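Here is the structure we will look at, set down as structure tokens.
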Amino acid sequence: MSANYKDTLLLPKTDFPMKADLVKREPERLAKWEAAGLYRQILDARIGAPLFVLHDGPPFANGDVHMGTALNKILKDLVVKSRSMLGFRAPFVPGWDCHGLPIEFKVVKEQRGLEPAEIRRRAEAFARKYIDIQRGQFKRLGVFGSWEDPYLTLAPGYEADIIRAFGKLVEKGLVYQSKKPVYWSTGAQTALAEAEVEYAPRTDPAIYVKFRLTPESEAAIGRSGPTYVVIWTTTPWTLPANVAVAFSPNLNYLAFTRNGENYIIAQVPNLPPELEDPLRREPTTEYAQVVKPEVMASLRYKHPFLDRESRLIEASFVTADTGSGLVHVAPGHGKDDYIAGQANGLPVLSPVDDFGKFTEDVGVPAWVGKYVFDANAEIVTFLRENGSLLAEQKYTHDYPHCWRSKTPIVFRAVEQFFIRIDAFRAEALTAIDSVNWIPQWARNRIYGTVESRPDWCISRQRTWGVPLPVFYEDSGTLAGSERTPIVRADLAAKVADLVENGGTNLWFEKDDAWWAAQLGLPAGTSRRNDTLDVWIDSGVSHQAVLMRHPELKACGGVADVYLEATDQHRGWFQSSLMTSVALTGHAPYKTVITHGFVVDKDTKKKVSKSDQGTYKKPMEAEHFVGKFGADIVRLWAASVDFTNDVPFSEDSFARTSEAYRSFRNVLRILLANISDFEAGRQEDRKGGGHEPGMSHIPDFMASCLKNGATTVDRWVLSKLQGVIATCRAAYEAYDFRRVFETVNQFCTVELSALYVDITKDRLYCDAANSPRRRATQSVMHACFDAVAKLLAPILAYTADEAWEFSGKKTSVHIEKLPEANAALRDEALEAKVDEWLKLRAAIYQQAIEPARQAKTIAKSLEAAITLEVADAQHAALNADKAELEEFLIISELTLASGAEPVAKVFRSGQPQCPRCWRQQPLTAKGVCTRCDEALPA
RNA sequence: GGGCGUGUAGCUCAGUUGGUUAGAGCAUGCGCUUGAUAAGCGCAGGGUCACAGGUUCAAAUCCUGUCACGCCCA
């Protein structure tokens, strides 16, 4: 019999599948979007709307998209999609950073001995290959943008703008030339990057050398006899370039006497026997005295074999681990030395040629032309003979070698070009404070780095990059590196115009004569193959993209948002800021959003590309998209606190899938419960006498609510307004996690556990057109509409799918987010329902659950409840008795007197209606009154 | 070593200006339902708020230090 009644019910009905099958369905939807040109449709729907530009920081075009890159791109997409749905015209022009060492290195490794032009051809092919791969993977993640027309830093137009930017910097007098040490391969006669250096064990002489103080300094120490500072070095060949001795502010320095000579040395472990004994004495004995830091800083000494006087400087890189605690400083031959030299105004000497041989500048004629590593032994002998050598040891250490020629590296100063930061540092700092930094501490971070950063070295001795548009005068026999550079803004502009059409390959394919002729320079003018630092490439995108791209240029070179990982404070955020301030005087962005790195959930260690060798777990976005679907990856990105490190594991996605399921099922049950709503609306219109124009939902909804809404309907509708308001504000604040939490809470608690559960009875059992059924459907319609739209930026595929199943012909992504309707908010009602929820909790805890456990009842609908509450509450509760029974999903509620709410189950005397299962008096048909009316006559 | 950060239940997160037994969703356990069913509902367990000091009548919340982790620099 009951089966017959089941056929009379209005059960939920929808074709929207419960099983998501994202891995299979998402690509189909993606294809559909592409065919329809959805990205273009969205922009077209916002013609005339205010522009919102999120400027894409270009990822490097090598390798697959890993989770860190995926997180970054998804966050950008969340911004773009939500701003679009907030009513902005939000184009997204993706870009790629194409030049640079990693690609060049890879190409050169594959085949050696290639000409620069060929290296560049292969590097471009390599970059383009990965652009295609990454483009496909980004699109698959559901990221919308002009994927068929991205910006590439290798595009001739972009390259031309890089050169133009350089020209403007020259024009403003910000570019200068100076020497700086680089890793230099004497085997390959070329500068190397850190990545091209391999470390291998090598044994060098480690020598202790005494440097005699000047008479004034000896007097300052005040001991009779000559006084020396004792340095330690493993590179004797750098001694000709010595211009200072560094001491540490954290070490204790002693002067002691031995064999009639005084030595200054730090109290350090591991001294050779020759120097050890005296230091074992107490510093207070007559043999030793402490030399205070301020005295140390005042000392001057004579170079051990050159006619030069230098001084002691304080430097934090000096340690006690090795040596004497006094470090010989040669700014032309070491990175630390160079930095210390810059800080102390020391000259940069580097008397070594391309082949690692001493030049005439070495100052000792016998050594000129000697390979420096061969000269080591000779220098040691020389020092021993002139009495400067105190001790000599063999020292085995990991020493950098050229990856290609396997020769030991030398640090060698070569001419480089720099941008003078001090000329606009103050302006840059001011610009920083004009920007909205999210999170706020990012402001301090970039401020600190800009405040203390040294001048920007913008030249590189590389091949895969944009050439430095500098020429050199014809100076007869002078070597290229010694010729006078011609650095002119007008020349850069002309080079840029040539590059605009021909690309920078021209620089590597045409010869000096061609270039001289093109630029009207004297014959004999030459070029070098220096390139610009790749941070200039991406750093001028505000000129090359924001000022030029037809979709973006209305922003005037100032993006609304830059959004990158935290490492970009010293990277793109800063390179963009510095170039923009130097060129235009202002920052290129209004808001900068930083996100953390993806870290392993279990170890909290970071998961990055460079760990690929040791990190065995999968981390390519493709792996997770292929296993869980893009919407799960997107939901994960939206559910974490991206301002911090983002925990990540295969496991996280399994959990995210659970949250996804609850969203999907809620959308599904809402759709299923309103499947006959449109039809009902038609009937209602006919019978209800609405104006013909009142066909849109809010009016219809209003009429339904007026006719049939119960407390719970108004309550959900009120709650929904709060959800909408919270989510809109959260999207505006880029707080996607709050959107996730808010909608999740609403779907699981308010909708699934309460509203949908409570209203099943009326939706399934009432007559199709009963006012309260229609009221509930109109509320569910509003909920579906809002939830689908609010989730659309996050669940790009699923929200669109649900939207389609609701009968819409266009994509949800063209829609605008719903707006909260203040008239539908009812705080008093929310407070009242909160009280009901407390009663509900008490009743379930005290009565229904124990009865279930005791098998007295099965489902709550079988329960009749006696509730003891204070007499004062009886009137109010009695007035709502029918609604409360429905709200509690029970058959009968009886009130009794009591101090605290106490609930008891009792057996109802009423029979169970076989149709709706409530315990109610039955009619002649054998069903309850309501079901009697709902059944067809 | 320096700068900027982070550290609340198994997981992801809330915790307003310091103030009642620290909350939610998911996961887990035990049940119910089989008219959302590769679904749904109920109840329950689970946290010395990284650690150690301090300020206060009162601290997850303020101060100091330690540890761990991240980014950048050295």
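Just so it is clear, the model here is predicted, and its values are computed rather than measured.
- Counting atom types as modelled, A:E849 pairs a side-chain N or O with a base atom of B:G42 as donor and acceptor under 3.5 Å.
- Taking A:K73 as the reference, A:D56 meet the side-chain hydrogen bond (donor to acceptor under 3.5 Å, both in side chains) condition, with sequence neighbours excluded.
- Proximity of A:Y764 to the phosphate of B:A36: a side-chain N or O atom is located under 4.0 Å from OP1 or OP2.
- Across all strands, A:K855 comes closer than 4.0 Å only to sugar-phosphate atoms, never to a base (heavy-atom distances).
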Enumerate, atom names and distances included, each donor-acceptor pair closer than 3.5 Å involving a side-chain atom of residues 833-841 of chain A, sequence neighbours excluded.
unit_1	atom_1	unit_2	atom_2	d
A:E835	OE2	A:K838	NZ	3.3

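- Of the side-chain N and O atoms in A:R445, none sit less than 4.0 angstrom from OP1 or OP2 of B:C73.
- With distances taken from any side-chain atom of A:Q845 to the nucleotides B:G40, B:C43, B:C32, the minimum falls on B:C43.
- Between the P atom of B:A74 and the OH atom of A:Y338 lies a distance of 12 Å, rounded to the nearest Å.
- B:C63 and B:U55 have their C1' atoms separated by 7 Å, given to the nearest Å.
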A:R762 and A:E886: salt bridge (Lys or Arg N to Asp or Glu O under 4.0 Å), yes or no, with the steps?
CA-CA 9 Å; A:R762 68 180 71 160; A:E886 198 185 13; 2.9 Å; yes
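- Aromatic stacking of A:Y5 on B:G35: not satisfied for centres closer than 5.5 Å together with planes under 30 degrees.
- Atom P of nucleotide B:A36 and atom CD1 of A:I889 are separated by 11 Å, given to the nearest angstrom.
- B:G29 sits 7 Å from B:G45 when the C1' atoms are compared, rounded to a whole Å.
- You'll find the ring centres of A:F648 and A:F624 inside the 6.0 Å limit.
- Checked against the 6.0 Å centroid criterion, the rings of A:F418 and A:W456 do not qualify as a close aromatic pair.
- Spacing of P atoms, B:C43 relative to B:U37, comes out at 23 Å, to the nearest Å.
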N/O donor to acceptor pairs below 3.5 angstrom from side-chain atoms of residues 335-344 of chain A, sequence neighbours left out:
unit_1	atom_1	unit_2	atom_2	d
A:D337	OD2	A:A330	N	2.8
A:N344	ND2	A:A340	O	2.8

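- Look at A:E933 and A:R930 and you find no salt bridge, because none of the NZ, NE, NH1 or NH2 atoms lies under 4.0 Å from a carboxylate O.
- Contacts of A:D336 with the nucleic acid, taken as non-hydrogen atoms under 4.0 Å apart, involve only primed sugar atoms and P, OP1 or OP2.
- Between the side chains of A:S639 and A:R737, not a single donor N or O lies within less than 3.5 Å of an accepting N or O.
- When rounded to the nearest whole Å, the span between CG of A:N673 and C1' of B:G40 equals 12 Å.
- Separating the P atom of B:A50 from that of B:C41 is a span of 33 Å, rounded to the nearest Å.
- Between B:A36, B:C71, B:G42, one nucleotide has an atom nearer to the side chain of A:I669 than all others, and that is B:A36.
- Judged by closest nucleotide on RNA chain B, A:R915 is the one of A:G596 and A:R915 placed further toward the 5' end.
- Using a 4.0 Å cut-off on heavy atoms, the residues of residues 736-752 of chain A that approach RNA chain B are A:R737, A:E741, A:N744, A:Q745, A:T748, A:V749, A:S752, listed by number.
- Spacing of P atoms, B:A44 relative to B:G5, comes out at 42 Å, to the nearest Å.
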With the criterion being N/O to N/O and under 3.5 Å, what pairs connect the protein with nucleotides 37-39 of chain B, and how long is each?
unit_1	atom_1	unit_2	atom_2	d
B:U37	OP1	A:R668	NH1	2.8
B:A39	OP1	A:R661	NE	3.3
B:A39	O3'	A:N665	ND2	3.3

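- Remark: the separation of the C1' atoms in B:U28 and B:G7 is 25 Å, to the nearest Å.
- You'll find that the side chain of A:K859 is closest to B:U33, out of B:G70, B:U33, B:A74.
- Annotation: A:R425, atom CZ; neighbour count of heavy atoms from other residues, nucleotides and ligands within 6.0 Å is above 12.
- For B:U21 and B:U48, the C1' atoms lie 15 Å apart once the distance is rounded to whole Å.
- Minimum atom distance to the side chain of A:A858 is reached by B:U33, of the listed B:A36, B:C72, B:U33.
- You'll find that the side chain of A:D567 is closest to B:C72, out of B:G42, B:A36, B:C72.
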Using Watson-Crick and G-U wobble pairs whose two distances are both under 3.5 Å, how do you write the pairing of RNA chain B as dot-bracket, with | for links to another strand?
(((((((..((((.....[...)))).(((((.......))))).....(((((..]....)))))))))))).
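- The separation between A:F648 atom CZ and B:C11 atom P is 17 Å, rounded to whole Å.
- Between A:I857 and A:A753, the one whose closest nucleotide on RNA chain B sits nearer the 5' end is A:I857.
- Between A:W535 atom CH2 and B:C73 atom P there is a gap of 10 Å when expressed in whole angstrom units.
- Within 4.0 Å (heavy atoms only), A:Q853 reaches at least one base atom of the nucleic acid.
- A:S778 and A:H781 share no donor-acceptor pair across their side chains, judged by distance under 3.5 Å alone.
- Spacing between B:C62 and B:A58 at atom C1', rounded to whole Å, works out to 13 Å.
- Both the sub-6.0 Å distance and the 45° axial angle are satisfied by A:R443 relative to the ring of A:Y447.
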